[in-house]
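Remarks on the structure that follows.
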Amino acid sequence: MSIPFWEETYKNDDILTFGPNPNASLVEVEKFLELSDNIIDVGCGDGHNVLYLAKQGYKNIDAFDLSENAIAKLHRISVKDNLSAIHAWVDDLCKFSFKKQYKLIMTFGTLHFVLKEDWHNFIYKAKEATVVGGINIIQLFTDTVPASSDIAPYAVGLAKDHEIKELYSDWDIISYNSYVFEDEHPNVPKHLHASNKIVARKVK
C-alpha cells in the first residue's frame, strides 16, 4: 500500500500539513471554554489546532495521532515555540481509552480512516468522557461522493450522510453542516470530499 501524502509533509517543520490556521469551529467554541479546561484533539496530525490553543494560553491540552512522524514534528514545534501545555503522544483511536474528563473533545478528518464500528465506539466513549456543558467537535467524510484516489485505500469507515448527527441526538447541537468541498494536494489532482461536521454540547 502507498504511503499517505501527509506522512511526507509531517517530516517538514516549515509547513503545517493542513494549514496554519485553526479550524473555524474550534475558534467559535472558545466562548464556552476556560484556559484551565481539559482539551483533547484526536487524530491531531502535526497539530495546527493544539498549537493555536497553546498560543492562546490554554494550559491542559492533550493530543494524539497514529503517525509517529506527526507527533515527532508536534514535539519539535512545541519545544521550539516553548509551548509546554501540549501533551502529545502516538496512539490508535480504536484502542484508546479516556483517562480523564474533558471540556472539549475534537477530531477533524480522522474517524473515516477506521472501521465504522470502531469510530462509533469511539464516539460513545467520547460522549461519556465529556463533562456536562462540554463540547464535542466531530468532522468526518461521508460516502455522498466516492473517496478520492489519495485516501481511498485508507477510508474504510466513510459515514452515511447525517449519521453523526443521529449519534448526538441527545445533545444540544450548536451547529451542523453537510457539505461537499474541492481539495487538492501535491501530486494529487483536484478532487471532491463529502463531509459532515457537528458541534454539540452535552446538556446532562
Side-chain angles (χ1 to χ4, degrees), residues 4 6-7 10 16-19 22-30 32-33 37-54 56 58-75 77-78 83 85-131 134-142 151 154-159 163-165 167-168 171 174-176 193 195-202:
W6 52 82
E7 286 294 342
Y10 286 163
L16 289 172
T17 300
F18 299 103
N23 190 278
S25 295
L26 172 58
V27 178
E28 291 168 4
V29 303
E30 282 193 80
F32 297 109
L33 304 176
D37 285 335
N38 290 331
I39 296 169
I40 187 167
D41 188 357
V42 175
C44 62
D46 48 8
H48 67 298
N49 288 310
V50 293
L51 290 167
Y52 165 79
L53 289 171
Q56 296 299 105
Y58 291 90
K59 298 176 174 57
N60 298 301
I61 306 167
D62 291 338
F64 72 82
D65 198 279
L66 189 63
S67 170
E68 295 182 1
N69 288 328
I71 297 302
K73 178 178 177 179
L74 179 51
H75 284 158
I77 296 173
S78 298
L83 300 173
I86 300 173
H87 173 223
W89 68 95
V90 176
D91 212 332
D92 181 346
L93 73 84
C94 299
K95 302 175 182 177
F96 174 72
S97 295
F98 289 93
K99 302 296 193 296
K100 64 178 84 167
Q101 294 281 296
Y102 289 92
K103 185 66 174 290
L104 172 62
I105 298 174
M106 56 183 171
T107 179
F108 298 98
T110 297
L111 297 187
H112 48 266
F113 292 126
V114 303
L115 295 174
K116 186 172 293 191
E117 178 183 358
D118 290 322
W119 69 254
H120 274 225
N121 287 335
F122 170 79
I123 292 294
Y124 300 142
K125 292 189 290 186
K127 292 172 70 176
E128 290 179 358
T130 305
V131 300
I135 303 290
N136 285 185
I137 308 175
I138 311 292
Q139 182 266 323
L140 78 170
F141 291 168
T142 74
I151 68 164
Y154 319 106
V156 296
L158 292 175
E163 186 172 358
I164 192 66
K165 187 177 183 181
L167 292 174
Y168 281 91
W171 284 30
I174 296 172
S175 66
Y176 172 75
H193 294 301
S195 181
N196 286 175
K197 182 164 66 171
I198 192 167
V199 180
R201 190 178 190 192
K202 188 173 184 175

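What you see below is based on every heavy atom in this structure, not just the backbone, and it leaves out hydrogens, waters and symmetry mates. Here the structure is a predicted model, which means the values were calculated and not measured.
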What I'd like to find out is whether the side chain of [X] reaches to under 4.5 Å of the side chain of [Y], using heavy atoms alone.
| X | Y | answer |
| --- | --- | --- |
| Ile40 | Phe98 | yes |
| Trp119 | Thr107 | no |
| Ile135 | Ile174 | yes |
| Asn196 | Glu163 | no |
| Tyr10 | Glu68 | no |
| Phe122 | Thr110 | no |
| Ile164 | Thr142 | no |

If you measure from [atom1] on [X] to [atom2] on [Y], what distance do you get to the nearest 0.5 Å?
| X | Y | atom1 | atom2 | result |
| --- | --- | --- | --- | --- |
| Asp92 | Asp65 | CG | CG | 10.5 Å |
| Ile123 | Leu140 | CD1 | CG | 8.0 Å |
| Tyr168 | Ile138 | OH | CD1 | 4.0 Å |
| Glu117 | Cys94 | CD | SG | 9.5 Å |
| Leu33 | Lys103 | CG | NZ | 6.0 Å |
| Ser25 | Met106 | OG | CE | 11.0 Å |

By side-chain contact (heavy atoms from CB on, under 4.5 Å) - contacts of [X] (at least two apart):
| X | result |
| --- | --- |
| Asn38 | Asn60, Lys100, Tyr102 |
| Gln56 | Glu30, Tyr52, Tyr58 |
| Ala54 | Ile61, Leu83, Ile86 |

Would you please test Leu51 and Leu74 for side chain to side chain contact (heavy atoms under 4.5 Å, CB included) and show each step? CA-CA 8 Å; Leu51 290 167; Leu74 179 51; 3.8 Å; yes
Classify the ring geometry of Trp89 against Phe96: parallel below 30°, tilted from 30° to 60°, perpendicular beyond 60°.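 Trp89 and Phe96: tilted rings.
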Given Asn23, which of Lys197, Glu28, His48 fulfils the side-chain hydrogen bond (donor to acceptor under 3.5 Å, both in side chains) condition?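 Testing each of Lys197, Glu28, His48 against Asn23, the sole residue satisfying side-chain hydrogen bond (donor to acceptor under 3.5 Å, both in side chains) is Lys197.
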Which atom pair, heavy atoms only, marks the closest approach of Val29 to Val199?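 So the minimum-distance heavy-atom pair works out to CG1-CG1, 3.5 Å.
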For Ala70 versus Gly45, what's the shortest heavy-atom pair and its separation?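 The pair with the smallest heavy-atom distance is CB-O, 3.4 Å.
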Does His75 reach the main-chain N or O of Ala88 with its side chain, forming a donor-acceptor pair under 3.5 Å?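 Present.
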Is there a donor-acceptor contact under 3.5 Å from the side chain of Lys73 to the main chain of Asp46?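 No, the answer is negative, given that no donor and acceptor are paired below the 3.5 Å cut-off.
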Report the C-alpha separation of Trp171 and Ile198 in whole Å, then their side-chain angles, then the decisive distance to 0.1 Å, and conclude whether the side chain to side chain contact (heavy atoms under 4.5 Å, CB included) test is met. CA-CA 11 Å; Trp171 284 30; Ile198 192 167; over 6 Å; no
Given Leu104, which partner from the list Ile39, Asn136, Asp37, Asp41 fulfils the side chain to side chain contact (heavy atoms under 4.5 Å, CB included) test?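 Going through Ile39, Asn136, Asp37, Asp41 one by one, the side chain to side chain contact (heavy atoms under 4.5 Å, CB included) with Leu104 is satisfied by Ile39 alone.
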Please determine whether side chain to side chain contact (heavy atoms under 4.5 Å, CB included) holds for the pair Val90 and Phe64, giving the CA-CA distance in whole Å, both sets of side-chain angles, and the decisive distance to 0.1 Å. CA-CA 5 Å; Val90 176; Phe64 72 82; over 6 Å; no
Ignoring hydrogens and angles, state whether a donor on the side chain of Ser195 or Gln139 is under 3.5 Å from an acceptor on the partner side chain.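 There is such a pair (donor and acceptor under 3.5 Å, judged by atom type) between the side chains of Ser195 and Gln139.
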